[in-house]
Amino acid sequence: MSQIRSLYAATAISALSAAGAFAETTVTIATVNNGDMIRMQGLASEFEAAHPDIDLEWVTLEENVLRQRVTQDVAAKGGQFDVMTIGTYEVPIWGAQGWLVSLNDMSEEWDADDLLPAIRDGLTVDGELYAAPFYGESSMVMYRKDLMEKAGLEMPEAPTWEFIKEAAAAMTDKENEIYGICLRGKAGWGENMAFLTAMANSFGARWFDENWQPELDGEEWTEAVTFYMDLMQNYGPPGASTNGFNENLSLFQQGKCGMWIDATVAASFVTNPDDSTVADQVGFALAPDNGLGRRGNWLWAWSLAVPAGSDATEEAKTFIEWATSKDYTALVAEKEGWANVPPGTRTSLYENPDYQEAAPFAEMTLGSINAADPKNPSVKPVPYTGVQFVAIPEFAGIATQVGQEISAALAGQQSVEEALEKAQALTLDEIEAAGY
């Protein structure tokens with residue numbers, strides 16, 4: 001072989017070796033379009049710089065669409081996604097069905113023992129952790145301290161629903177587009193029904209009795225939904241039947257809501273002066289009760305999981321470990337400030353004095369998470385677990401249909417009684433067909 005040809009051959013082999021050394025594996029991530037997830041996507045260049053062999057591809061979707069897409073893919077083991085953003089409802093069901101990859105082999109540095117027990121337990125099946133929590137949440141009251149003072153009222157740390165109604169009436173100024181209260185109205189099992197299920201618990205309602213008979217047309221549900229309609233129709237913003245988390249967040253940040261009862265994770269957004277016009281006027285209180293021993297707060301974690309159909313399992317785990325680690329928390333703190341780190345997942349965060357100083361909502365968030373009881377969500381005994389959901393596979397479909405009926409009532413298309421009668425009938429049909 002000539003010297004020149006030898007040089008060409010050596011160069012070609014070297015190029016192939018280099019290409020092999022840096023061959024990229026694409027990890028496709030399905031996630032929800034909320035602020036914390038958008039921030040994660042923005043910081044992901046840090047991960048890619050440290051892992052040049054992994055290329056991240058993002059599919060960012062509205063909450064209801066995300067749930068539909070990932071459910072279809074994971075059930076068919078389609079392999080469309082390598083990392084899925086899913087919640088506390090899906091993880092135990094899908095893990096038990098073999099649809100998710102166990103994360104029990106995460107590194108010691110990741111420190112699974114640091115996860116808050118309430119959050120970790122909801123993501124574990126028979127000792128196997130099937131998802132890593134990105135952030136955890138309960139729900140609480142966020143309110144305008146200036147409007148509360150102007151109304152001559154003082155928010156209790158643990159308010160009742162009657163006080164919430166009184167305050168909503170006093171703060172409403174529709175001529176100036178200020179509404180006493182903003183609540184979820186958009187139909188969806190994780191939208192209006194997440195809020196309403198938690199609220200109904202505090203009124204003594206339950207989805208099913210101990211024999212799996214639905215109770216949606218009963219006295220407690222009727223009282224809870226009627227109270228909700230009264231709040232929304234008299235003191236809520238126009239078009240409330242299309243408002244979910246993101247829409248109400250925007251309204252609150254614009255100064256148009258006197259109170260907003262929703263996820264504790266919203267606290268960092270409503271107190272961020274870069275985004276919120278009322279950042280220095282926000283106060284916090286526990287979710288309301290009705291004097292029956294249950295508050296209207298929920299328990300949830302948006303978590304990252306690897307579907308069994310992924311062909312990039314190890315790379316997906318590498319990304320998940322980075323995104324849910326203490327180092328990621330420190331990265332967000334460095335870039336965005338401690339008040340904006342993902343909350344509600346790790347004990348160490350709530351022991352961190354920097355976080356305690358920067359986040360006036362930290363104590364209320366932790367207290368709300370710890371107060372939620374998925375095994376005993378209502379006043380009466382129930383045959384299911386879950387605070388703002390029922391942990392059975394059929395619930396997502398049932399509650400989405402029920403949510404549509406209640407949203408239609410909120411839009412003035414039918415009465416509360418008509419909505420709940422339809423909800424009862426369809427729930428009974430579905431639960432009997434499923435063999436409960």
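These numbers were taken from a predicted model, which means no experiment stands behind them. Below, all heavy atoms of this structure are taken into account, side chains as well, without hydrogens, waters or symmetry copies.
Annotation: side chain to side chain contact (heavy atoms under 4.5 Å, CB included) contacts of E128 (sequence neighbours excluded): S102, N104, Y130. In this view, A44 and L56, W58 satisfy the side chain to side chain contact (heavy atoms under 4.5 Å, CB included) rule, not counting sequence neighbours. Under the rule for a salt bridge (charged side-chain N to carboxylate O under 4.0 Å, His left out), the partners of D111 that lie at least two apart in sequence or sit in another chain are K326. In this structure, the salt bridge (charged side-chain N to carboxylate O under 4.0 Å, His left out) partners of D262, at least two apart in sequence or on a different chain, are R184. D429 pairs by the side-chain hydrogen bond (donor to acceptor under 3.5 Å, both in side chains) definition with nothing, not counting sequence neighbours. Residues passing the side chain to side chain contact (heavy atoms under 4.5 Å, CB included) test with A205 are A200, E220, W221, sequence neighbours excluded. R294 meets the salt bridge (charged side-chain N to carboxylate O under 4.0 Å, His left out) test with no other residue; sequence neighbours excluded. Checked against salt bridge (charged side-chain N to carboxylate O under 4.0 Å, His left out), D36 has the following partners two or more places apart in sequence or in another chain: R39.
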Do any side-chain atoms of residues 351-359 form donor-acceptor pairs under 3.5 angstrom with protein atoms, and if so which ones, sequence neighbours left out?
{"unit_1": "N352", "atom_1": "OD1", "unit_2": "D354", "atom_2": "N", "d": "2.8"}
{"unit_1": "N352", "atom_1": "OD1", "unit_2": "Y355", "atom_2": "N", "d": "3.4"}
{"unit_1": "Q356", "atom_1": "NE2", "unit_2": "Y350", "atom_2": "O", "d": "2.7"}

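Side-chain contact annotation: E314 with T318, donor-acceptor N/O pair under 3.5 Å absent.
A ring pair (Phe, Tyr, Trp, His ring centres under 6.0 Å) with W260 holds for exactly one of F195, Y179, Y143, F245; it is F245. Under the side-chain contact (heavy atoms from CB on, under 4.5 Å) test applied with F361, the options L366, T264, T271 reduce to a single match, T271. Partner of F389 under the side-chain contact (heavy atoms from CB on, under 4.5 Å) criterion, out of W298, W300, W207: W300 alone.
Ion pair K145/D280 not flagged as a salt bridge, since none of the NZ, NE, NH1 or NH2 atoms sits closer than 4.0 Å to an Asp/Glu carboxylate oxygen. Of the charged side-chain nitrogens involved, none lies within less than 4.0 Å of a carboxylate oxygen, so that K375 and D373 do not count as a salt-bridged pair.
With hydrogens and angles ignored, the 3.5 Å screen pairs a side-chain donor or acceptor of S202 with a backbone N or O of M199. With hydrogens and angles ignored, the 3.5 Å screen pairs no side-chain donor or acceptor of E63 with any backbone N or O of E191. The backbone N or O of P214 lies less than 3.5 Å from a partner atom in the side chain of Q424, making a donor-acceptor pair. Without hydrogens or angle criteria, N297 side chain to S138 main chain gives no donor-acceptor distance under 3.5 Å. N176 places no side-chain N or O within donor-acceptor distance of the main-chain N or O of I178, the cut-off being under 3.5 Å. Side chain of D114 to backbone of S348: a donor-acceptor contact under 3.5 angstrom is found. Remark: the backbone N or O of T427 is not paired with any side-chain donor or acceptor of E430 at under 3.5 angstrom.
For the pair I119/L299, a side-chain contact is recorded, criterion being any heavy-atom separation below 4.5 Å from C-beta on. Looking at heavy atoms from C-beta onward, M193 lies in side-chain contact with I406 at the 4.5 angstrom threshold. Using a 4.5 Å heavy-atom cutoff, the side chains of P377 and R206 are not in contact. Counting heavy atoms from C-beta outward, E157 and M364 have side chains that approach closer than 4.5 Å. A heavy-atom distance below 4.5 Å is not found between the side chains of D327 and W322.
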Test log, rule side chain to side chain contact (heavy atoms under 4.5 Å, CB included), inputs W94 and I86 = CA-CA 10 Å; W94 294 1; I86 58 179; 3.6 Å; yes

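With rounding to the nearest 0.5 Å, the separation of CG in L410 from CD in Q233 is 6.0 Å. Taken to the nearest 0.5 Å, the OG1 atom of T365 stands 10.0 Å off from the CD atom of E363. Atom CD of E48 sits about 11.0 Å away from atom CG of D53, to the nearest 0.5 Å.
Every pair passing side chain to side chain donor-acceptor pair (under 3.5 Å) that includes a residue from residues 74-88 is listed here, sequence neighbours excluded: T31-T85, D82-S310. For residues 237-274, the set of pairs meeting the disulfide (SG to SG under 2.5 Å) definition, not counting sequence neighbours, comprises C182-C257. Listed by first and then second residue, the salt bridge (charged side-chain N to carboxylate O under 4.0 Å, His left out) pairs involving residues 86-99 are R67-E90 (not counting sequence neighbours).
Of all heavy-atom pairs between A132 and W110, the closest is CB-CZ2, 3.6 Å. Of all heavy-atom pairs between A396 and T400, the closest is O-OG1, 2.7 Å. Nearest heavy atoms, M171 versus M259: CE-CG, 3.4 Å. When every heavy atom of I261 is checked against every heavy atom of I164, the shortest pair comes out as CD1-CG2, 4.3 Å. The two residues W302 and M37 come nearest to each other via the heavy atoms CB-CE, 3.7 Å. The two residues L115 and P133 come nearest to each other via the heavy atoms CD2-CG, 3.8 Å.
Note: Y384 and F208 have perpendicular aromatic rings, judged against thresholds of 30 and 60 degrees for the angle between ring planes.
If you look at Y228 and W161, their ring centroids are not closer than 6.0 Å. Ring centroid separation for the pair Y328 and F47 does not come in under the 6.0 Å cut-off.
Atom CD of Q97 sits in a crowded spot, with more than 12 heavy atoms from other residues, nucleotides or ligands closer than 6.0 Å.
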